[in-house]
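The next block holds one structure in the form of structure tokens; read it before the comments.
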Amino acid sequence: MLGPRAVFMLLTLLLLAYGVAEIARVRRVHPDRWMLNPAVIACVLVFCLSFGVGNVLFFLPADTLEIVGLVPDVTPAMVKLMWLVLLGAIGMWLGYWSPFAAGKSGARQQRAVSRWFRRSDRPRRFAVPVLVAIALLARLLQVRLGVFGYSSSHERQLELSAITQYLSMGAGLGSVALVVASLDYFSDRSSWPARAWFLAILALEVGFGVLSGFKSQMAIPFVIAGVCSYLQSGRVPRAWLAGFAIALVLAYAVIEPFRVTRSTDRAFEGTSVSSILDAFIAARAREEVRPAQGSVWIAIIARSTLTYVGSLGIEYRDEHEELPEGSPAFLANLVLAPAYAFIPRSIWRSKPIGDLGLWYTQVVLGHDVPSSTAMSPVTYLYFAGGAVAVLVGFFCFGTLYRLLFFLVRPHEGAGRALVYLVLVMNLANVGSAVDGVLVFFCRTLPLALVLQHLVYARPRRRAAAIAPQAPVGVA
């Protein structure tokens with residue numbers, strides 16, 4: 001009776017209203033650092049932003065949408081995807097509020113896991129320099145081997161697949177170093193060395209974020225700093241939020257021309273920092289690849305929305321009872337995610353290499369180009385088992401979010417905060433490769449627990465003062 005466009009709009013408004021209502025409930029029931037609750041983060045990023053706010057694009061004039069390569073038509077597949085998104089949001093919050101999640105995250109369980117965390121908030125003297133050195137060495141090796149950021153090629157990634165994951169883990173220690181330095185900087189005992197390390201690592205992370213060619217990597221360091229400020233003070237870090245917004249806008253102005261040059265220049269050789277910098281300089285010198293004035297914010301919103309590109313996967317799955325040979329085993333990969341996390345590729349030769357985005361581009365979208373496309377976690381779960389998999393999958397995520405937040409309790413110590421932030425950045429913002437998120441969690445949780453014991457020193461034991469006893473029975 002209403003038509004696809006009207007139903008699409010109503011579902012979008014319903015999703016946003018439902019998300020706001022659930023977030024308000026969390027703020028009322030669980031007010032301690034509620035903005036860092038992973039269920040709140042997932043609700044904002046995965047549902048309200050990717051499938052809610054971004055849908056405003058489909059009601060803009062057609063010539064405006066041409067800037068970002070979208071079509072103004074609302075297809076039946078987009079409407080079906082919105083139904084599935086709403087089902088996934090309901091499933092996530094049902095898992096979060098479930099009696100099972102509440103029972104497994106109670107006071108007794110919190111006391112049981114408290115022994116896993118360091119009580120001291122003071123990092124060891126050489127912890128931050130060692131983390132920075134390892135991250136710097138890993139990134140330089142990535143550049144040298146041709147597997148760094150957007151400068152890498154799919155062929156090179158396949159050739160070095162046995163070591164790329166370990167290089168990525170080493171490079172990720174740069175973010176860990178920024179977390180440790182930020183927690184120390186925003187603490188009550190901040191000193192000039194802590195401030196110096198914080199500013200140096202922040203500049204280093206932003207610099208490598210630019211060189212990576214990924215816009216989010218340029219802005220993420222400001223998010224880390226703001227999150228650590230909020231954890232330590234409990235106040236919303238407005239200055240760091242503004243820094244994130246500015247960095248994101250600058251990233252489109254700086255990185256997008258480089259990505260165009262990287263894709264079109266056959267002579268590009270990204271195996272040294274100087275060659276990547278030369279490509280950036282050459283890209284800025286070309287007028288035709290600069291973003292059109294006034295299109296940056298539209299491009300940002302377009303990059304955040306997954307409605308249209310995700311609906312193409314829903315339509316493809318409905319039209320194909322059997323996927324083509326060589327397609328990912330979606331359900332099997334979800335089940336085997338814990339095994340993928342711990343069995344190295346040198347032993348398990350047939351372990352998936354993580355080229356889901358490339359498969360989606362070439363098979364579902366039909367583009368014969370070596371590029372990856374995000375399909376959305378809802379589309380992934382629909383490939384794995386239809387609407388049932390969407391509901392059950394997000395129910396499990398909602399349960400996991402509550403367990404993580406209440407068992408770790410990141411605002412009660414720097415060691416807890418380190419473990420939590422290492423996990424929540426990828427776990428709450430569920431990527432298109434849902435199996436990869438589970439692999440990351442299973443592999444990173446034990447490593448993060450060990451890491452916080454290495455980073456933070458043991459608390460000093462103070463000798464108990466013995467009070468002199470007064471003589472008894474003296475008149």
Would you confirm whether [X], through its side chain, and [Y], through its main-chain N or O, come within 3.5 Å as a donor-acceptor pair?
X: N333; Y: A329; answer: yes
X: S105; Y: F406; answer: no
X: T444; Y: F441; answer: no
X: S212; Y: G149; answer: no
X: T361; Y: T373; answer: yes
X: Q217; Y: F214; answer: no
X: E205; Y: L178; answer: no
X: S50; Y: L45; answer: yes

- Query: When you check the gap from the basic side-chain N to the acidic O, do E412 and R33 get nearer than 4.0 Å?
  - Reply: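 R33 and E412: not salt-bridged.
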
If you round to the nearest 0.5 Å, how far is [atom2] of [Y] from [atom1] of [X]?
X: I23; Y: N37; atom1: CD1; atom2: CG; result: 9.5 Å
X: L49; Y: C43; atom1: CG; atom2: SG; result: 11.0 Å
X: I220; Y: M425; atom1: CD1; atom2: CE; result: 7.5 Å
X: I41; Y: N429; atom1: CD1; atom2: CG; result: 9.0 Å
X: R402; Y: L404; atom1: CZ; atom2: CG; result: 13.0 Å
X: L183; Y: R122; atom1: CG; atom2: CZ; result: 13.5 Å

Quick check: do [X] and [Y] have side-chain heavy atoms less than 4.5 Å from each other?
X: V408; Y: L403; value: no
X: V227; Y: W240; value: no
X: C228; Y: L421; value: yes
X: L427; Y: F397; value: yes
X: V419; Y: L449; value: yes
X: W97; Y: T399; value: no
X: Y230; Y: M35; value: yes
X: E22; Y: Y96; value: no

- Message: So that I know where these two stand, are Y18 and F47 an aromatic pair - ring centroids less than 6.0 Å apart?
- Response: no

- Step by step, work out the side chain to side chain contact (heavy atoms under 4.5 Å, CB included) result for L131 and V455. CA-CA 9 Å; L131 290 173; V455 169; 4.2 Å; yes

Within 45° of the axis and under 6.0 Å from the centre of the six-membered ring of [Y], does NZ or CZ of [X] qualify?
X: R25; Y: W93; value: no
X: R195; Y: Y185; value: no
X: R416; Y: Y420; value: no

Kindly give the heavy-atom pair with the smallest separation between [X] and [Y], and that separation in Å.
X: V143; Y: V273; answer: CG1-N, 3.7 Å
X: A337; Y: D435; answer: CB-O, 3.9 Å
X: Y382; Y: L84; answer: CD1-CD1, 3.6 Å
X: Q232; Y: S187; answer: NE2-CB, 3.8 Å
X: R124; Y: R118; answer: NH2-NH2, 3.3 Å
X: F405; Y: D32; answer: CZ-O, 3.4 Å

- Please report the C-alpha distance between V223 and L241 in whole Å, then the side-chain angles of each, then the deciding distance to 0.1 Å, and finally whether the side chain to side chain contact (heavy atoms under 4.5 Å, CB included) criterion is met. CA-CA 7 Å; V223 176; L241 290 176; over 6 Å; no

- Message: Would you say that more than 12 heavy atoms from the other residues, nucleotides or ligands in this model lie under 6.0 Å from the CZ of F342, or not?
- Response: yes

- Task: Take S432 and T379, measure what side chain to side chain contact (heavy atoms under 4.5 Å, CB included) needs, and give me the verdict at the end.
- Result: CA-CA 8 Å; S432 297; T379 307; over 6 Å; no

- Please determine which of F330, Y360, F394 meets the ring pair (Phe, Tyr, Trp, His ring centres under 6.0 Å) test together with Y380.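 Result for ring pair (Phe, Tyr, Trp, His ring centres under 6.0 Å) with Y380: F330.
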
- Message: Check the orientation of F383 and W359. Use parallel for under 30°, tilted for 30 to 60°, and perpendicular for over 60°.
- Response: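 F383 and W359: perpendicular rings.
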
- Item | Derivation of the side chain to side chain contact (heavy atoms under 4.5 Å, CB included) call for F222 and V206 | CA-CA 9 Å; F222 295 94; V206 172; 3.8 Å; yes

